[in-house]
Amino acid sequence: MLSRRNKRKGKQDLHFLNKEGMVSCNPRDREAAHRAEMENIATENPKAVTCKKCLKRMDSYQ
């Protein structure tokens, strides 16, 4: 039987880290940024982002 984490593996969105190192879609949650980095679902490359909320926030910054 697969754990919940293993079931979701590969289906997680890639999140954007802003200049402060926070996840763009949830910039006030430091733990979210830490989890994203530890689970390798965070990037500073804007072209690699797949999270819809991050993409929306990135558009508003530019």
Checklist line | Heavy-atom side-chain proximity of V23 to L17 below 4.5 angstrom | finding: yes
Margin query: If you define the side chain from C-beta out and look only at heavy atoms, does anything of H34 sit under 4.5 Å from R30?
Written below: no
Check: Side-chain contact, heavy-atom cut-off 4.5 Å: K53 with R57?
Finding: no
Next item on the list: Following the transitive rule for hydrophobic clusters with a side-chain heavy-atom cut-off under 4.5 Å over Ile, Leu, Val, Met, Phe, Trp and Tyr, establish whether L55 and F16 coincide in one cluster.
Entry: yes
Checklist line | Nearest heavy atoms of H15 and C54, plus distance in Å | finding: ND1-SG, 3.6 Å
Item checked: Closest approach of R28 to M22 (non-hydrogen atoms, all atoms of both residues) -> C-CE, 4.1 Å
Next item on the list: Measure across L14 and T50 and return the closest heavy-atom pair with its distance rounded to 0.1 Å.
Entry: N-OG1, 2.7 Å
Notebook entry, point to check: Do you know which two heavy atoms are closest between P27 and N18, and how far apart they sit?
Noted result: CB-ND2, 4.3 Å
Next item on the list: Using modelled atom types only, decide if a donor and an acceptor are shared between the side chain of N45 and the backbone of K47 within a distance under 3.5 Å.
Entry: yes
